[in-house]
Amino acid sequence: MSSVDTTPLGRPDLVIAVDGTSGSGKSSTSRGVATRLGLRYLDTGAMFRAITWWLLREGVDVQDVAAVAAAAGRPEIVSGTDPLAPTITVDGVDVSVEIRGEDVTAAVSPVSAVPEVRARLLELQRAVIGAGGIVVEGRDIGSVVWPQAEVKVYLSADPDARAERRAAELGGTDVASTQESLLARDRIDSGRATAPLTMAEGAVHVDSTHQSLVEVIDTIVALAARASSGAREGS
Ligand code: DC
């Protein structure tokens with residue numbers, strides 16, 4: 001990415017956490033905010049998808065919690081953080097395209113409910129966030145991964161809007177079955193014992209149902225501006 005070393009907000013260490021349900025627009029929004037502010041970008045969902053892709057390729061039964069837990073430490077997962085061209089590799093192989101496949105999408109929620117998987121990825125996520133200067137999207141960023149984030153957003157959208165957007169992204173997939181699959185993932189992601197999807201303490205709820213992408217990005221950029229000017233005044 002570019003050699004920007006201070007953000008336009010004068011807060012090179014800023015961390016913006018964007019959590020929310022599947023299909024609420026987290027990725028486009030987070031990438032847009034990061035690009036606008038000259039920040040890095042981390043898609044933690046891609047990390048869960050990458051480990052799931054690897055488990056499927058290795059022939060591990062993804063419903064077998066003990067087998068998934070035992071294998072969780074084996075693959076090397078590396079996330080590229082350029083918001084204009086995010087990458088993810090598993091043992092050196094770029095799997096950015098493969099992790100969006102239906103087989104991975106169907107298996108990723110049970111895999112991400114396994115505590116050993118979460119512990120492994122939590123360590124990697126915190127290492128990438130490091131000194132900050134990043135927009136991080138996921139389900140538990142503001143609650144567990146980086147509760148000290150200067151800006152925390154909980155992004156939501158009505159199920160109909162989410163299904164329509166996701167089906168369009170996937171190129172004309174059936175909206176009803178897309179909605180069913182989104183809601184099934186929501187149920188597992190919100191109901192699991194370890195780090196469930198929840199609105200973090202201090203998070204601002206942004207409902208994107210009736211807002212354009214640019215409007216949602218503007219809202220988060222404004223929150224970031226407020227957080228960084230508050231921090232400067234307080235320092
Ligand atoms: O954002 P996504 O749809 O690509 O995420 C894929 C799955 O990964 C999602 O169903 C739940 C899981 N996930 C998670 O448990 N915690 C995160 N921080 C990010 C994603």
Side-chain angles (χ1 to χ4, degrees), residues 15-31 34 41-56 62-63 65 68-69 72 75 77 79 81 83 86-88 90 95-129 134-147 149 152-157 159 162-163 165-170 173 178-200 203 208:
V15 176
I16 302 178
V18 182
D19 291 305
T21 50
S22 303
S24 57
K26 292 190 304 296
S27 294
S28 319
T29 303
S30 301
R31 290 176 66 177
Y41 161 70
L42 178 64
D43 176 1
T44 61
M47 301 170 94
F48 285 94
R49 286 172 178 274
I51 209 165
T52 303
W53 173 84
W54 179 86
L55 289 164
L56 292 172
V62 293
Q63 303 296 340
V65 174
V68 170
I77 295 170
S79 305
T81 58
T87 56
I88 182 135
V90 179
V95 293
S96 311
V97 173
E98 289 80 354
I99 61 168
R100 305 290 159 194
E102 264 177 48
D103 49 346
V104 172
T105 299
V108 66
S109 279
V111 168
S112 39
V114 176
E116 287 79 358
V117 169
R118 302 205 70 82
R120 169 88 204 290
L121 295 185
L122 179 63
E123 202 179 310
L124 295 179
Q125 288 156 9
R126 288 186 173 156
V128 174
I129 297 170
I134 193 162
V135 182
V136 189
E137 69 155 284
R139 303 292 190 291
D140 60 340
I141 310 307
S143 56
V144 173
V145 177
W146 211 261
K152 298 186 198 183
V153 173
Y154 184 84
L155 194 60
S156 71
R162 293 196 277 136
R165 285 178 202 164
R166 187 50 64 91
E169 260 167 38
L170 296 172
T173 321
T178 305
Q179 179 158 339
E180 218 169 280
S181 141
L182 287 175
L183 294 177
R185 285 205 286 141
D186 286 356
R187 274 193 296 277
I188 304 179
D189 296 344
S190 306
R192 68 179 172 232
T194 311
L197 168 65
T198 177
M199 191 165 138
S208 71

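Heavy atoms only: backbone and side chains are in, while hydrogens, waters and symmetry mates are out. Counting starts at 1 for both ligands and their atoms, following the listed order.
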Nearest neighbour in protein (non-hydrogen) for [atom]:
atom: atom 8 (O) of ligand 1; result: Phe48 CB, 3.5 Å
atom: atom 12 (C) of ligand 1; result: Ser112 OG, 3.4 Å
atom: atom 20 (C) of ligand 1; result: Gly45 CA, 3.5 Å
atom: atom 16 (N) of ligand 1; result: Arg118 NH2, 3.0 Å
atom: atom 4 (O) of ligand 1; result: Arg49 NE, 2.7 Å

Test of proximity, [X] against ligand 1: N or O pairs below 3.5 Å:
X: Gln125; result: no
X: Arg166; result: no
X: Ser109; result: yes
X: Thr44; result: yes

task: Give the minimum heavy-atom separation between Tyr154 and Gly20, together with the two atoms involved.
output: CE1-CA, 4.1 Å
- prompt: Considering only heavy atoms of Arg185, which atoms of ligand 1 have at least one such atom less than 4.0 Å away?
  reply: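 Going through ligand 1 atom by atom, the ones under 4.0 Å from Arg185 are 3 (O), 6 (C), 9 (C), 10 (O).
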- request: Go through ligand 1 atom by atom and flag the ones less than 4.0 Å from a non-hydrogen atom of Asp140.
  value: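 Checking each atom against Asp140, I get 16 (N), 17 (C), 18 (N).
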task: For Asp19, enumerate each residue passing the salt bridge (Lys or Arg N to Asp or Glu O under 4.0 Å) test, keeping only those at least two apart in sequence or located in another chain.
output: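 Once residues adjacent in sequence are excluded, Asp19 has no partner under the salt bridge (Lys or Arg N to Asp or Glu O under 4.0 Å) criterion.
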Structural part of Met47 in contact with ligand 1, heavy atom criterion under 4.0 angstrom: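 No part of Met47 comes within reach of ligand 1.
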Side-chain donor-acceptor contact under 3.5 Å, Thr105 with Arg49: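 The answer is yes; a qualifying pair exists.
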query: Does ligand 1 have an atom under 4.0 Å from some heavy atom of Arg192?
result: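 Right, Arg192 reaches ligand 1.
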- request: Would you mind listing every salt bridge (charged side-chain N to carboxylate O under 4.0 Å, His left out) that reaches into residues 178-189, with sequence neighbours excluded?
  value: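 The answer is Arg139-Asp189, Arg162-Asp186, Asp189-Arg192.
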Can you confirm whether [X] sits close enough to [Y] that some side-chain heavy atom of one is under 4.5 Å from a side-chain heavy atom of the other?
X: Val136; Y: Val145; value: no
X: Val135; Y: Pro83; value: no
X: Ser27; Y: Glu169; value: no
X: Thr52; Y: Val117; value: no

- request: Give a yes or no answer on whether the side chain of Lys26 reaches the backbone of Glu137 with a donor-acceptor pair at less than 3.5 Å.
  value: no
message: If you take the nearest heavy atom of each of Arg100, Arg139, Glu137, which one is closest to atom 1 (O) of ligand 1?
response: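 The nearest heavy atom belongs to Arg139.
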